[in-house]
S.K.: 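Below you will find the structure I want to go over with you.
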Amino acid sequence: MGKLAIATATATATASMEKQVIKLGCRVLLFPYPYVGHTTPMFNLGNALYSKGFSITVIQTRLNSSDQTTFPNFTFHYIEEALWSQEALASVPDPWEAVTLLNKSFPLPFRDSLSQILEDASKDIEPVACLISDPLWDFAGTIADELNLPRLALRTGGLLAFVLYDSVPLLRQKGYYPIQESEQEEAVSEIPPLKVKDLPPEAIHDTLAVVVKEAKTYRLGYICNTFKELEGSFLDLFGRSLPGTPIFPIGPLHKYPSTYMGEKLDEEHSSITWLNTQAPNSVLYVSFGTIAAISKEQFLEVAWGLAKSQQPFLWVVRPKMINGLVKDDNDIFPNGFLETVSGRGYTVTWAPQLEVLAHPSVGGFWTHCGWNSTIESICQGVPMICLPFFGDQKMNARHVSDILRIGLHLEKGIERQNIERAIRRLMLGKEGEEMRERVAALKEEAQSCLMEGGSSFKALDQLTNHILSFCSAEIPKKHRR
Ligand code: UDP
């Protein structure tokens, strides 16, 4: 089973939410894409809709799936495909290649499952309002259409990336491709603040074209894990890419009350116990998410950069994050490293990221700029060092460093001296202090957008009414706004 980074809620919190929820008698189906960075926001969306009174059914592959007992308020349908296991998924090194392969494998099991759910629902008093799918599934929309089921999409990534992907044909026309080495640092004037080096490689243009085309078929609505104050200008551009499609920026999704009831691992406790021993704002939290991998050489640079910085750090080292590693996990670190950083550095294979970022000892986050990590850092007011790898990470990093100015972009390579310098600038310098102030202001915006009258609060109300309009059940009048 994969782990889900759902905000941990206590039984008490869930029970109190249960009390407030007035059931609408209307069911929503969720179909997450099987990577943690996609599954987590889909579950968080489930939490948001559950809090509004919808019943939630999750259709999941067994890959990175959640244990249904940890979400007692949701109903689960698992779809299987003989060819796929967690190991098989992990062995596809390129996530874009995985998109193509997964899309070939799951249409039939999905169709069977969806037909079954709809047939069962037809005997039930609770109608199914719609499907909310991750648009990376390129078959889900067509199958929902065939079964006359309204469907919406959840975008789990940053919006600037979508704007860029949609502009690739234009950028090709304008002569940005093939990308010249000498032009890497030049600005992409059509989409500021992107640089040529941020543009997606030609090898994935065909996949991107499919992804964008599919995304544009979700005309009934697009839900985004963002908030107006964070991505306002990109929301406008995103809207222009999807003319006529209602857009619901209801994020940050991880801030909705969770219905998760899972236990925490010992290792998760140990991160917090260690952070408790550190001074306020002193620790750099280091994590490159759940997929990104680096070479052994880069790993050494990261390790010695952290050591040379002399700053306390909590580092998530996933066993699979080093390409081609064959050694035992205990031997991952270079000789002398653990002794050098003893007392000042702490390494784990998984951290409870939301709690870590909320911890008063954490003063910076060296991140790969996955969208979840980015928005989680912003919501806790933690400035970043950005080291993007692929997909939307490069665009998110540009947004964080060049527009929001709440992070340092590690774009001059990851030699240990560069790393050491960046860490010291962020954790000790005036620049880092200014970033901390700016991100603190954004943290406040992230809080107020969810409060009554806030932008995401209103967008969630609009989404609720939108979904209710698909539901043929008799909805009590008081729930119609
Ligand atoms: N995460 C976590 N602990 C870890 C590593 C990651 O809780 O040790 C969570 C993190 O909070 C985030 C998700 O995993 O919600 C990673 O998603 P993101 O979009 O940042 O990156 P991806 O893994 O998709 O590249």
Side-chain angles (χ1 to χ4, degrees), residues 1-9 32-45 47 63-64 66 70 89-90 92-96 98-99 134 136 154-161 224-226 251-256 258 260 262 264-272 274-275 283-294 313-321 346-359 362 365-380 382 384-397 399-400 407:
M1 289 282 174
K3 272 175 281 188
L4 287 176
I6 306 292
T8 309
Y33 186 74
Y35 279 113
V36 175
H38 289 249
T39 313
T40 302
M42 188 64 96
F43 272 78
N44 291 333
L45 170 65
N47 288 331
L63 311 164
N64 277 323
S66 129
T70 59
L89 182 63
V92 183
D94 176 8
W96 289 114
V99 171
D134 192 311
L136 274 188
L154 169 67
R155 171 142 185 97
T156 58
L159 297 185
L160 178 55
C224 301
N225 184 16
T226 191
L253 285 172
H254 69 279
K255 285 295 190 182
Y256 290 98
S258 174
Y260 179 67
K264 264 197 263 165
L265 308 171
D266 286 349
E267 191 174 40
E268 303 199 21
H269 290 292
S270 84
S271 302
I272 301 300
W274 182 79
L275 285 173
V283 176
L284 180 72
Y285 169 56
V286 187
S287 171
F288 304 144
T290 59
I291 312 170
I294 55 181
F313 63 86
L314 169 65
W315 184 13
V316 180
V317 183
R318 280 180 294 113
K320 296 211 169 89
M321 74 182 261
Y346 195 71
T347 64
V348 288
T349 55
W350 181 263
Q353 186 160 301
L354 294 176
E355 278 178 76
V356 165
L357 289 169
H359 197 284
V362 171
F365 181 12
W366 181 3
T367 171
H368 68 310
C369 286
W371 186 245
N372 295 289
S373 294
T374 304
I375 201 163
E376 288 163 9
S377 200
I378 288 171
C379 287
Q380 292 307 335
V382 179
M384 291 164 251
I385 294 176
C386 308
L387 179 65
F389 290 76
F390 60 83
D392 65 343
Q393 297 160 14
K394 287 187 177 177
M395 295 100 231
N396 301 340
H399 185 199
V400 164

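Whatever order the structure lists ligands and atoms in, that order sets their numbers, starting from 1. Hydrogens, waters and symmetry mates play no part in the numbers below; they use all other heavy atoms, side chains included. Keep in mind that this is a model prediction, so the values were computed, not measured.
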S.K.: Sub-3.5 Å donor-acceptor pair from the side chain of Arg318 to the main-chain atoms of Gly289, do we have one?
M.R.: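 Yes: the side chain of Arg318 pairs with the backbone of Gly289.
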
S.K.: Taking 4.0 angstrom as the limit and counting only heavy atoms of Gly370, give me the atoms of ligand 1 inside it, by number and element.
M.R.: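 Numbered from 1, ligand 1 contributes 18 (P), 19 (O), 20 (O), 21 (O).
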
S.K.: What is the ring orientation for Trp315 with Phe313, classed by angle as parallel under 30°, tilted 30 to 60°, or perpendicular over 60°?
M.R.: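 Perpendicular.
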
S.K.: I'd like to check Leu159 versus Thr226 (side-chain heavy atoms, cut-off strictly below 4.5 Å). Are they in contact?
M.R.: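 Yes, at least one pair of side-chain atoms sits under 4.5 Å.
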
S.K.: Should you measure from each heavy atom of Val316, which atoms of ligand 1 turn up under 4.0 Å away?
M.R.: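 Under 4.0 Å from Val316, ligand 1 has these atoms: 8 (O).
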
S.K.: Look only at interatomic distance and state if Thr40 has a nitrogen or oxygen under 3.5 Å from any nitrogen or oxygen of ligand 1.
M.R.: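 Looking only at distances, the answer is no, because the N/O contact criterion of under 3.5 Å is not met.
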
S.K.: Can you confirm, on distance only, whether ligand 1 has an N/O atom lying under 3.5 Å from any N/O atom belonging to Thr349?
M.R.: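 In fact, backbone or side chain, Thr349 has no N or O that close.
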
S.K.: Return yes if some donor-acceptor pair links the side-chain N/O of Ser377 with the main-chain N/O of Val382 below 3.5 Å, else return no.
M.R.: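 Flag set: sc Ser377 to bb Val382 pair under 3.5 Å.
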
S.K.: For the atom pair CZ (Phe288) and OG1 (Thr367), what is the distance rounded to the nearest 0.5 Å?
M.R.: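 That separation rounds to 8.0 Å.
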
S.K.: For Trp371, counting its heavy atoms only, list the atoms of ligand 1 lying under 4.0 Å from any of them.
M.R.: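 Answer for ligand 1: 19 (O).
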
S.K.: Which residue, Cys386, Pro388, Ser373, forms the side-chain contact (heavy atoms from CB on, under 4.5 Å) with His368?
M.R.: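 For His368, the side-chain contact (heavy atoms from CB on, under 4.5 Å) check succeeds only for Ser373.
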
S.K.: Which of these passes side chain to side chain donor-acceptor pair (under 3.5 Å) with Glu376: Gln353, His254, Lys255?
M.R.: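 The option that passes is Gln353.
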
S.K.: When you look for heavy atoms under 4.0 Å from ligand 1, do you find them on the side chain of Ser373, its backbone, both, or neither?
M.R.: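 Ser373 to ligand 1: contacts from backbone and side chain alike.
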
S.K.: Which atoms of ligand 1 have any heavy atom of Ser287 under 4.0 Å away?
M.R.: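 That gives atoms 5 (C) of ligand 1.
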
S.K.: Applying a heavy-atom cut-off of 4.0 Å, say which part of His254 lies close to ligand 1: side chain, backbone, both or neither.
M.R.: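 Neither; nothing of His254 gets under 4.0 Å from ligand 1.
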
S.K.: How are the rings of Tyr346 and Trp274 set relative to one another: parallel (under 30°), tilted (30 to 60°) or perpendicular (over 60°)?
M.R.: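 The arrangement is parallel - the two ring planes meet at less than 30°.
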
S.K.: Run the contact test for Tyr35 against ligand 1 with a 4.0 Å cut-off on heavy atoms, strictly below, and give the result.
M.R.: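 No.
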
S.K.: Hey, which atoms in ligand 1 end up nearer than 4.0 Å to a heavy atom of Ala351?
M.R.: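 Listed by number with element: 2 (C), 3 (N), 4 (C), 7 (O), 8 (O).
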
S.K.: What atoms in ligand 1 come closer than 4.0 Å to a heavy atom of Gly289?
M.R.: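 Result: 23 (O).
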
S.K.: Under 4.0 Å from any heavy atom of Gly37, which atoms of ligand 1 are there?
M.R.: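 Once the distances to Gly37 are compared, the set is 17 (O), 24 (O).
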
S.K.: From Asn44 CG over to Met42 CE, what is the distance, rounded to the nearest 0.5 angstrom?
M.R.: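 Reported value, rounded in 0.5 Å steps: 11.0 Å.
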
S.K.: Roughly how far, to the nearest 0.5 Å, is the CG atom of Asp392 from the CH2 atom of Trp371?
M.R.: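 Nearest 0.5 Å value for the CH2-CG distance: 8.0 Å.
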
S.K.: Can you find a non-hydrogen atom of His368 under 4.0 Å from ligand 1?
M.R.: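 Under 4.0 Å: yes for His368.
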
S.K.: Check each heavy atom of Arg318 against ligand 1 and say whether those closer than 4.0 Å belong to the side chain, the backbone, both or neither.
M.R.: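 Under 4.0 Å from ligand 1, Arg318 contributes no heavy atoms.
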
S.K.: What atoms in ligand 1 come closer than 4.0 Å to a heavy atom of Thr290?
M.R.: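 Selected atoms, number and element: 14 (O), 22 (P), 23 (O).
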
